[in-house]
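Report on the structure given below.
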Amino acid sequence: MLRVSWDDPRARLQGAVEARVHAVGTQKWSSWVTLESDGGGGEDAPRKGMRGATGPAWFGPSDGVEIKVAAGGTPPEGLRLDVVDPGASPQAGMEAAAYVMTGESPEPGDTPTDPAASSTSPTETLEPTSSPSTPEDETSATPAPTATEASPEVSSTPTSAAPSTSQAPTASPSTTAGPASTVPQPPIVTRAAWGADESLNDDAPEYGTTINAVFVHHTAQTNTYSCSDSAAIVRGLRALHLNQGWKDIGYNFVVDKCGTIFEGRKGGVDRPVIGAQAEGFNTNTTGIAVIGTYTTEDAPSATKASLARLAAWKLGQYKVDPLGKVTLTAGKANGKFALGQSAVFNRISGHRDAYATECPGTVLYNQLPTLRAWAAGPVAGLAIKSVTGASLSGSTYLTKGAISVNWAATTPSSLITKYEVLVDGKSAATKTGTATSAAVTLAAGSHTVQVRATHQSGKTTTTSSVAVTAETIPPVFSTKPTLSLRTGTVDTAAVPVTLAWKATDAAGLKEVRLTAPTAKTYGPTTTSATLAAKSGVATAFSLTAQDLAGNTAAAAASGTPVIVQETSATKTGTWTKKTSTSYLGGASLSSSAKNASLSWTFTGRSVAWIVSRASTSGQAVIYVDGTKTATVDLKSTTTAYRNALWTKSWASAGKHTVKIVVSATSGRPAVTTDGIAYLR
């Protein structure tokens with residue numbers, strides 16, 4: 001970690017400051033990183049040896065550094081580079097090393113060699129300080145070491161003592177010195193857990209009397225750091241703040257991009273510790289810094305959720321509404337406000353509201369209204385997304401009784417105490433704040449269903465109601481399924497049939513499913529299906545009707561298609577045998593003689609006449625049980641074999657005779673037949 005500092009804490013460094021390092025792991029120079037223009041917002045009370053500084057930057061294990069300071073007026077006196085190795089665990093002497101920036105161009109070999117090391121901008125020469133500017137009184141921060149003492153021991157494979165997000169140790173709640181909050185305390189990594197070396201300073205903490213406001217910061221670090229390095233970053237921030245002449249780390253709390261909260265300035269997380277984070281407004285406020293840079297990039301959701309939880313908890317200790325405003329008076333002139341000047345602040349404000357800085361970055365600053373709403377409650381964006389186990393009919397869900405209600409909210413789950421599913425206004429199921437669904441079983445009848453969310457503040461939000469009707473009456477097949485032969489191409493393995501039915505339901509029919517001999521699903525208004533069955537084999541067609549509530553009813557129709565070929569017919573007149581693999585059985589009978597006839601007698605409930613068709617095919621008259629029933633034209637623009645051209649069905653099976661008589665149509669007298677098929 002590094003930054004640039006100078007003697008006068010009131011001075012501003014004009015012009016951009018950029019830094020890059022030579023990484024130990026890759027042995028390459030990093031990209032240039034712009035250091036935030038100020039590290040202001042420090043201690044309100046003057047302290048001997050306090051310094052001005054840029055914001056810090058975190059790079060990780062490095063063995064070389066280059067700094068560029070763009071022309072922008074006369075630089076402040078005592079300009080120097082401060083670097084710190086925060087180590088892998090707590091260690092004595094973990095302080096910032098200081099190097100004088102002479103402004104001279106480096107000599108060849110002064111920095112690690114790398115093709116990227118050359119720069120068109122002058123690089124400041126770094127000279128170790130012989131007597132770094134640090135506080136000298138015994139109550140100030142421990143003086144920085146000499147250059148020899150300060151040379152960081154850079155590990156090529158550091159391992160931080162930072163806990164993982166899911167296993168962060170928390171402050172013990174058993175010895176709370178501050179007032180109880182209106183909301184639960186979030187998990188907080190203690191100073192001991194993140195490795196604060198308490199021997200580096202012995203200043204006693206100072207306290208206010210309340211917490212009137214929270215100031216949100218960003219630390220101007222890279223956003224690509226690993227959360228396993230977060231504790232090391234916090235240690236580095238503290239070392240630089242001590243080196244800057246402050247009592248301790250300036251922030252009261254630090255939050256990383258994984259949402260882990262770290263205890264900042266010592267004195268007790270539950271007490272109104274005065275920090276060094278909003279110069280002129282440090283007393284009776286608390287400062288929360290987010291590790292990262294959020295000028296053009298939004299902070300992660302976990303980070304924002306932790307910010308809202310922490311702000312709500314601290315403000316809740318003093319019964320302060322996170323959505324409210326407060327008038328604060330500057331206790332020190334800070335370049336934006338004069339000593340004694342008053343201004344109205346949001347209870348959750350950005351550092352820029354109190355100090356001339358971009359902190360906490362434009363994007364994060366613009367998110368503060370959302371954070372205030374999350375912190376204050378109630379739960380926002382709550383809505384029922386769906387109801388499973390039920391079907392929607394118009395504006396009403398229909399179910400047999402068991403449903404799952406699914407919802408979503410925009411407020412993070414960590415700020416939500418519980419969810420409840422309300423049935424007719426009464427709680428029927430309770431879930432934790434992380435839940436997004438719950439199962440309930442409804443009694444028969446009509447109901448209203450809602451979801452109620454309880455924010456950690458105790459405020460509740462209830463969704464609009466949805467109508468759900470539970471009913472257990474199954475559908476009815478008002479017309480039982482029936483089978484009949486239909487027109488189409490006939491094959492011994494596939495005789496065309498029609499399955500017909502009619503299903504109804506008082507609450508609303510959802511679908512009818514064919515479950516055997518194959519699976520198909522039909523809509524609620526469909527009443528028939530074109531299928532096929534194997535000749536000579538009894539086939540059962542099974543149907544299941546399901547209503548919108550999920551109730552079902554089953555029904556079936558069975559039948560055996562039988563093919564009777566032309567050779568079994570009783571013939572009159574002249575008929576000629578024709579052979580082809582395209583005919584059923586490889587043969588057919590054809591006649592052009594007027595009144596030549598074929599007749600078949602069978603017992604069944606549906607019949608189809610099977611013919612071959614072409615552009616020269618003629619007509620025939622069909623008699624059923626001695627009665628003329630139809631005149632059928634076999635003419636077709638395309639040749640078709642084994643074609644069931646005409647069908648007839650009866651309500652029940654019976655003995656019938658079908659006779660076809662050749663009409664000998666002029667110019668196209670021929671009639672060719674493959675026989676009949678009937679259904680028994």
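One-based numbering along the sequence shown.
A tilted orientation is assigned to the rings of Phe602 and His656, their planes being inclined by 30° to 60°.
Contact record, Ala375 with Leu415: CA-CD2, 4.1 Å, taken as the closest heavy-atom pair. Nearest approach of Ile403 to Ala390, heavy atoms of both residues: CG2-CB, 4.1 Å. Closest heavy-atom contact between Ala429 and Ala438: CB-CB, 4.2 Å. Between Lys459 and Ala376 the shortest heavy-atom distance is NZ-O, 3.1 Å. Across all non-hydrogen atoms, the minimal contact from Leu364 to Ala299 is CD1-CB, 4.1 Å. For Phe541 against Ala532, the heavy-atom pair with the smallest separation is CZ-O, 3.9 Å.
The side chain to side chain donor-acceptor pair (under 3.5 Å) analysis of residues 362-376, with sequence neighbours excluded, yields the pairs Lys304-Gln367, Arg352-Thr362, Asp353-Tyr365. For residues 581-606, every residue pair satisfying the side chain to side chain donor-acceptor pair (under 3.5 Å) rule, not counting sequence neighbours, is listed here: Thr572-Ser597, Ser590-Thr672, Thr601-Thr657, Ser606-Ser649.
Looking at Asn551 and Ile473, their side chains never come closer than 4.5 Å, going by heavy atoms from C-beta outward. In this structure, the side chains of Thr526 and Val512 stay at 4.5 Å or more apart for every pair of heavy atoms. Contact of the His218 side chain with the Asn223 side chain is not registered, since no non-hydrogen atoms from C-beta on lie closer than 4.5 Å. With a 4.5 Å cut-off on side-chain heavy atoms, Tyr294 and Pro360 do not count as touching. Looking only at side-chain heavy atoms (C-beta outward), Leu499 and Pro481 come within less than 4.5 Å of each other. Between Val671 and Val611, every side-chain heavy-atom pair lies at or beyond the 4.5 Å cut-off. Between Tyr419 and Ser437, the closest side-chain pair of non-hydrogen atoms is not below 4.5 Å. Using a 4.5 Å heavy-atom threshold, the side chains of Lys257 and Ile291 count as separate.
Although no hydrogens or angles enter the test, the distance criterion places a donor-acceptor pair under 3.5 Å between the side chain of Arg668 and the main chain of Ser617. Distance alone, capped at 3.5 Å, is enough to place a donor-acceptor pair between the Thr411 side chain and the Ala380 backbone. Without hydrogens or angle criteria, Ser306 side chain to Thr303 main chain gives no donor-acceptor distance under 3.5 Å. Side chain of Thr399 to backbone of Gly389: a donor-acceptor contact under 3.5 angstrom is found. A donor-acceptor pair is defined here as one N or O able to donate and one able to accept, closer than 3.5 Å; such a pair exists between the side chain of Asp674 and the backbone of Leu584. Listed for the Asp424 side chain is a donor-acceptor partner under 3.5 Å among the backbone atoms of Thr448. Side chain of Arg680 to backbone of Thr560: no donor-acceptor contact under 3.5 angstrom is found. A donor-acceptor pair is defined here as one N or O able to donate and one able to accept, closer than 3.5 Å; no such pair exists between the side chain of Arg452 and the backbone of Thr461.
With 3.5 Å as the limit, one finds no donor-acceptor pair spanning the side chains of Thr462 and Gln450. Counting only N and O atoms by type, the side chains of Thr222 and Thr224 include a donor and acceptor under 3.5 Å apart. With hydrogens and angles left out, the side-chain atoms of Thr434 and Thr432 include a donor and acceptor closer than 3.5 Å.
Distance NZ/Lys418 to OG1/Thr430: 5.5 Å, rounded to 0.5 Å. Atom-to-atom distance recorded for Leu307:CG and Leu371:CG is 6.0 Å, nearest 0.5 angstrom. Summarising the geometry, atom OH belonging to Tyr397 is positioned 9.5 Å from atom OG1 belonging to Thr388; distances are rounded to the nearest 0.5 Å. Note that OG1 of Thr552 and NZ of Lys400 are 6.0 Å apart. Values are rounded to the nearest 0.5 Å. Interatomic distance, NE2 of His455 versus CD1 of Ile416, reported as 7.5 Å (0.5 Å rounding). Atom OG1 of Thr539 and atom CG of Leu483 lie 8.5 Å apart (nearest 0.5 Å).
Each of Ile676, Val607, Ile660 was evaluated against Trp646; a single residue qualifies, Val607, per the side chain to side chain contact (heavy atoms under 4.5 Å, CB included) test. Applying the side chain to side chain contact (heavy atoms under 4.5 Å, CB included) test between Trp609 and each of Thr487, Val632, Leu598 identifies Val632 as the sole match.
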>> Run the side chain to side chain contact (heavy atoms under 4.5 Å, CB included) test on Thr260 and Val189 for me, step by step, so that the C-alpha distance in whole Å, both residues' side-chain angles and the decisive distance to 0.1 Å come before the verdict.
In response: CA-CA 8 Å; Thr260 303; Val189 179; 3.5 Å; yes
>> Run the side chain to side chain donor-acceptor pair (under 3.5 Å) test on Thr673 and Glu566 for me, step by step, so that the C-alpha distance in whole Å, both residues' side-chain angles and the decisive distance to 0.1 Å come before the verdict.
In response: CA-CA 7 Å; Thr673 179; Glu566 70 285 347; over 6 Å; no
> Given Leu531 and Lys520, is the side chain to side chain contact (heavy atoms under 4.5 Å, CB included) satisfied, shown in steps?
Replying inline: CA-CA 11 Å; Leu531 303 166; Lys520 292 185 179 181; 4.1 Å; yes
> Can you list the steps and then say if Ser663 with Thr665 is a side chain to side chain donor-acceptor pair (under 3.5 Å)?
Replying inline: CA-CA 5 Å; Ser663 298; Thr665 310; 5.1 Å; no
>> With side chain to side chain contact (heavy atoms under 4.5 Å, CB included) as the criterion, how do Arg613 and Thr639 come out once you've worked through the C-alpha distance, each side chain's angles and the decisive distance to 0.1 Å?
In response: CA-CA 5 Å; Arg613 305 178 65 189; Thr639 301; over 6 Å; no
>> Please determine whether side chain to side chain contact (heavy atoms under 4.5 Å, CB included) holds for the pair Lys510 and Leu398, giving the CA-CA distance in whole Å, both sets of side-chain angles, and the decisive distance to 0.1 Å.
In response: CA-CA 10 Å; Lys510 179 183 180 182; Leu398 297 173; over 6 Å; no
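When ring centroids are compared, Tyr522 and Trp501 come within the 6.0 Å threshold.
Atom NZ of Lys628 sits in a sparse spot, with 12 or fewer heavy atoms from other residues, nucleotides or ligands closer than 6.0 Å.
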